[in-house]
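Notes follow the structure.
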Amino acid sequence: MPTESTIDKFYITTPIYYVNARPHIGHAYTTIVADCLARFWRNRGLRVHFLTGTDEHGQKIQKAAEARGMSPQAFTDEIVPTFRNLWRLLEVSHDDFIRTTEPRHVAAVRKLLAHLEASGDIYKGRYGGMYCVPCETFWTEGQITDGGCPDCGRPVEEIEEQNYFFRLSRYHDWLLDHVKTHPDFIFPAVRRNEVVRFLEENPLTDLCISRPRSRLNWGIPLPFDGEHVTYVWFDALINYISAIGYGEDAERFSVWWPADVHVMAKDILRQHAIYWPIMLHAAGLEPPRRVVAHGWWKMGEVKMSKSLGNVVDPVEMVDRYGADAFRYFLLRDVTFGMDGNFATASFEQRYNGDLANDLGNLAHRTANMIQKYRGGILPPPERLALHPGTENPELAGFVERGGGPDLEPWMRALAPAEALAALWAVIKAANKYIEQTAPWRLHKEGAERELTACLQLLRAVLLDTAVRIEPFMPATARALNEQFSAETIVKGDPLFPRLDPASP
Ligand code: MSP
């Protein structure tokens, strides 16, 4: 969704993921959606920069490392490849991968902090609250349950320490006005309305952005006070600019900033729609053009999360079904923005239905007939035509337009599921066309010209599908293209072998 003001570039990001455990389906989903958009706009000729990465500082990581008896750096170095490998397996086409432990990021965070401190947006103050020592977490009065920590139930202590604060409160009115006057800023509308309501009902309080080193060591030291490290969220958000040269390469930075889309799930919308634009505005930078929050993948009715352990392992999914089938399911099964429920039964149903039956069969039958009736060689058509008298509006539309549906309106509307449905309407219509024209009968009757025209139209549909499907299923796009643009077309192996529901 490049906006009016976007000329020819598209900068898209995923959240940077915590490395306290291995990636799961939720991370895969966000990254696949972002990849699909990046590929789509790249194919349309835009200059695309697609960024993903890992969030490596803070207490969570420090604790996870301690639990493994490792230094935080060694621990993160070990986990990061599991993310990189998954993105490779899923054919994610990111242009850059940022780690918050990289010097380029650390330098940018320190620069931004120094800037905000110099402009009077950071001050030192007293930070107090109820603190659970074993959990190392602050709680508000309201969160305390039966006098104890809501997480572990143990008693909490009242604690007070000196910390640094960022003046969010100063920019409350600016942000509310920005959100209201930029209807595209937060997507979808339900999420936008939530943010507006939140801002209308709650004056923003200043954000505590430091942690004393005595309590947390694993973070970026503040440039103006080495006894404190930066709060992990403040550190993490800056990745979106540290990766494109903030404070380091003004020219590169001005090419890509502002970001066109930050993609994430609704759990971290507040940080992206409230803290982040204010941090940027206070530093004299433009806010991102769009912040997009999708729903959660659940198992049963519960959100999948690493801490609950109810996760689907994306690597296993790829091993079992292939990257494209997994990508297809995630992009197709849920309306972007809504929650989705992951069930193996519905996955296998879509696999057998949409992939094995619809697309797989179309390719297989078409190649088979070209091989059988034409020895694999089919001249290019003078013009595409529908068999006279065939009632098939979808393919008639294909012939008339000279191709499948334009997916751009769907992609602008952030509706990959609907884009795929539009592609599948043509695929299904082509299968129906095979039944309607019965090429085997044309062959028997010696209607050679009609048979050729029919096969040419089917091949055209498959070659056209190869192009349009690329952002969603890159390997399938290559396979279709290879098979149907070859000089001699052969049947080959099925693209999506049918799953036997009885198999374990
Ligand atoms: N490190 C922060 C993000 C900092 S961005 C400047 C973080 N990391 S995370 O590893 O917890 O990832 C959260 C993101 O992962 C979600 O916003 C979403 O993109 C994805 N998902 C994690 N679990 C998910 C589901 N169960 N369902 C859908 N997406 C989920 O928060």
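This chain uses plain numbering: 1 for the first residue, then up along the sequence. Both backbone and side-chain heavy atoms feed into the values below; hydrogens, waters and symmetry mates do not. Counting starts at 1 for both ligands and their atoms, in listed order.
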Cation-pi geometry met for Lys9 and Trp256 (6.0 Å, 45°):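 Cation-pi check for Lys9 and Trp256: fails.
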
Across all chains, not counting sequence neighbours, the side chain to side chain donor-acceptor pair (under 3.5 Å) partners of Asp225 are Tyr164, His228

Which one holds for [X] and ligand 1: side chain close, backbone close, both close, or neither close, with close meaning a heavy atom under 4.0 Å?
X	value
His294	side chain
Ile25	neither
Asn239	side chain
Gln271	neither
His272	side chain

[X] heavy atom under 4.0 Å from ligand 1:
X	value
Tyr29	no
Gly295	yes
Trp276	no
His24	yes

- Does any non-hydrogen side-chain atom of His281 lie less than 4.5 Å from one of Arg170? no

In short, ring pair (Phe, Tyr, Trp, His ring centres under 6.0 Å) pairs touching residues 104-124 with sequence neighbours left out are Tyr123-Phe165

Task: Ring center gap for Tyr231 and Phe166 short of 6.0 angstrom - done: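 Between Phe166 and Tyr231, which both carry aromatic rings, the centre distance is not below 6.0 Å.
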
Is Glu78 salt-bridged to Arg68, going by a charged N under 4.0 Å from an acidic O?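 Yes, this pair counts.
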
| Is the shortest side-chain N to carboxylate O distance from Glu200 to Lys180 below 4.0 Å? | yes

Quiz item: For Ala265, is at least one N or O under 3.5 Å away from an N or O on ligand 1?
Solution: yes

